[in-house]
Amino acid sequence: MKISLIIPCYNEETNVEPFYNECERVFCKSGYELEYVFVNDGSVDGTAKNLKKLCRENNSNFRVISFARNFGKEAAIYAGLSNATGNYTCIIDADLQQRPEYALEMAGILDKDPDTDCVGAYPEKRKEFFVKAILKNCFYKLINMVSDTPFKHGVSDFRMFRENVKNAVLQMGEYHRFSKGIFAWIGFECKYIPYKVMKRENGKTKWSFIKLCKYAINGITDYSAKPLYISSWLGAIFTAGSLIYYIIALILYILNKELSPEALIIATVFFVGGMILGCMGIIGAYLVKMYFQVKKRPIYIAKEIIEKEKN
Ligand code: UDP
Ligand code: MG
């Protein structure tokens, strides 16, 4: 039984070797054969060099896909899936925050239960800045409210699945990828296990606050068209509201109360104008997606692929 580990790497020069050593240690007596699919996502540090060294000095199945630039983790996952040949495929981070022991546990679950197609992992408890934790919570509440696809709270990209799931994910050729949504959308029988998120040993997280916000907006607009309808409803409500507002202003004016019609008009213009701009923004978010999809740009561009089979 062969397991392909898909490892997206962006500036992980200090992590790739410890990651490999830990996987070898954990899986050495398991009876599984490992295939390492490292995706070097346009790293600007020594990741490429260290990956080549790893391939040279060790006897394992290696595939190293190096991107021409940084295309993002989602593109790296797609490239990894396209190059994986194992019976099971596992997406795992390079920084050892997701321990390979859990990957072994996932493989055991798939072995035991032929009806389970995918095993996902959700973090037990993660030490995070509380604002980040609250925002994540809001994100899952919001996406479940507006999307027809149910999203399991907090489930990470760390998961292992059979070939049928891999092929289904590869059929989804969308440019703006959101793996959590893709896995939720394709269905299949999925089990979830908790995992303890370890501290990042080396390097630092690649997810800034802005990057996370973009990711969340992308996720919502990818899996729900409801914000488009919300904007239309809001538009209708506010237009009706401003009409009522005008009528009241007119009546007050006729009755000669102390109310300046100019101020009212200016307020209304700003109010309606702001609303229109907001709605246009939402429509714009969807248009951008169509724009990129219509262009049919490749999800990633690889400049080099190294393949080495275990002898
Ligand atoms: N990653 C990537 N491309 C990016 C950002 C991140 O391939 O543009 C990889 C990164 O090298 C790591 C994984 O995605 O293996 C998760 O990233 P990180 O550890 O920064 O995320 P966090 O654990 O903080 O959520
Ligand atoms: Mg990490």
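All heavy atoms count here, side chains included; hydrogens, waters and symmetry mates do not. Nothing fancy with the numbering, it's 1 onward along the sequence.
Contact detail for Phe178 and Ile143: the closest heavy-atom pair is CE2-CD1, 4.2 Å. Scanning all heavy atoms of the two residues, the minimum distance from Glu12 to Asn15 falls at OE1-ND2, 2.7 Å. Residues Phe38 and Cys9 approach most closely at CD2-SG, 3.8 Å, considering heavy atoms.
For the side-chain hydrogen bond (donor to acceptor under 3.5 Å, both in side chains) criterion with Asn61, the lone passing option out of Lys308, Glu33, Lys2 is Glu33.
Distance alone, capped at 3.5 Å, is enough to place a donor-acceptor pair between the Asn11 side chain and the Val44 backbone. Between the side chain of Glu74 and the backbone N or O of Ser179 there is at least one donor-acceptor pair closer than 3.5 Å. Distance alone, capped at 3.5 Å, is enough to place a donor-acceptor pair between the Asn59 side chain and the Asn311 backbone. Under a 3.5 Å cut-off, the side chain of Asn58 and the backbone N or O of Leu54 do form a donor-acceptor pair. Of the possible donor and acceptor atoms, one in the side chain of Arg162 sits under 3.5 Å from a partner among the backbone N and O of Leu110. Thr47 places no side-chain N or O within donor-acceptor distance of the main-chain N or O of Ser43, the cut-off being under 3.5 Å.
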Side chain to side chain contact (heavy atoms under 4.5 Å, CB included) evaluation trace for Lys180 with Tyr215: CA-CA 11 Å; Lys180 288 180 178 61; Tyr215 185 67; 3.4 Å; yes
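Two residues are said to be in side-chain contact when any heavy atoms from C-beta on lie closer than 4.5 Å; Ile7 and Val39 fail this criterion. Counting only heavy atoms from C-beta outward, the side chains of Met172 and Tyr78 never approach each other to under 4.5 Å. A 4.5 Å side-chain heavy-atom check between Lys196 and Tyr102 finds at least one atom pair inside the cut-off. Between Leu104 and Phe27 there is a side-chain heavy-atom pair separated by less than 4.5 Å.
No hydrogens or angles considered: a donor-acceptor pair under 3.5 Å links the side chains of Tyr32 and Asp111. Between Asp41 and Tyr300, the side chains place no donor N or O within less than 3.5 Å of an acceptor N or O (distance only, hydrogens not considered). In this structure, a donor-acceptor pair under 3.5 Å is absent between the side chains of Asp95 and Asn202. Residues Ser4 and Glu35 bring a donor and an acceptor atom of their side chains to less than 3.5 Å of each other. Side-chain contact annotation: Lys289 with Asn218, donor-acceptor N/O pair under 3.5 Å present.
The aromatic rings of Tyr20 and Tyr36 lie tilted to each other, with the angle between the two planes from 30° to 60°.
Leu135 is not connected to Ile217 by any chain of hydrophobic side-chain contacts under 4.5 Å among Ile, Leu, Val, Met, Phe, Trp and Tyr, and they are in different clusters. Both Phe161 and Leu170 belong to a common hydrophobic cluster when Ile, Leu, Val, Met, Phe, Trp and Tyr are linked at side-chain heavy-atom distances under 4.5 angstrom. Linking ILVMFWY residues whenever their side-chain heavy atoms come closer than 4.5 Å, directly or via other members, leaves Tyr192 and Phe151 in distinct clusters. At a threshold of 4.5 Å between side-chain heavy atoms, the hydrophobic network of Ile, Leu, Val, Met, Phe, Trp and Tyr places Leu96 and Tyr195 in one connected group. In the hydrophobic cluster analysis, where Ile, Leu, Val, Met, Phe, Trp and Tyr join through side-chain heavy atoms closer than 4.5 angstrom, Tyr10 is grouped apart from Ile305.
Counting non-hydrogen atoms of other residues, nucleotides and ligands closer than 6.0 Å to NZ of Lys206 gives a total above 12. Residue-environment remark: NZ (Lys303) stays at or below the threshold of 12 foreign heavy atoms within 6.0 Å. Under a cut-off of 6.0 angstrom, the local environment of CD1 in Ile210 is sparse, with at most 12 non-hydrogen atoms contributed by other residues, nucleotides or ligands.
With rounding to the nearest 0.5 Å, the separation of CD1 in Ile306 from CZ in Arg56 is 9.5 Å.
Under the side-chain contact (heavy atoms from CB on, under 4.5 Å) criterion, Asn50 pairs with Glu13, Val16, sequence neighbours left out.
Under the 6.0 Å distance and 45° angle rule, Arg69 counts as a cation-pi partner of Phe71. Annotation: cation-pi pair Arg159/Phe183 present, NZ/CZ under 6.0 Å from the ring centroid and within 45° of its normal.
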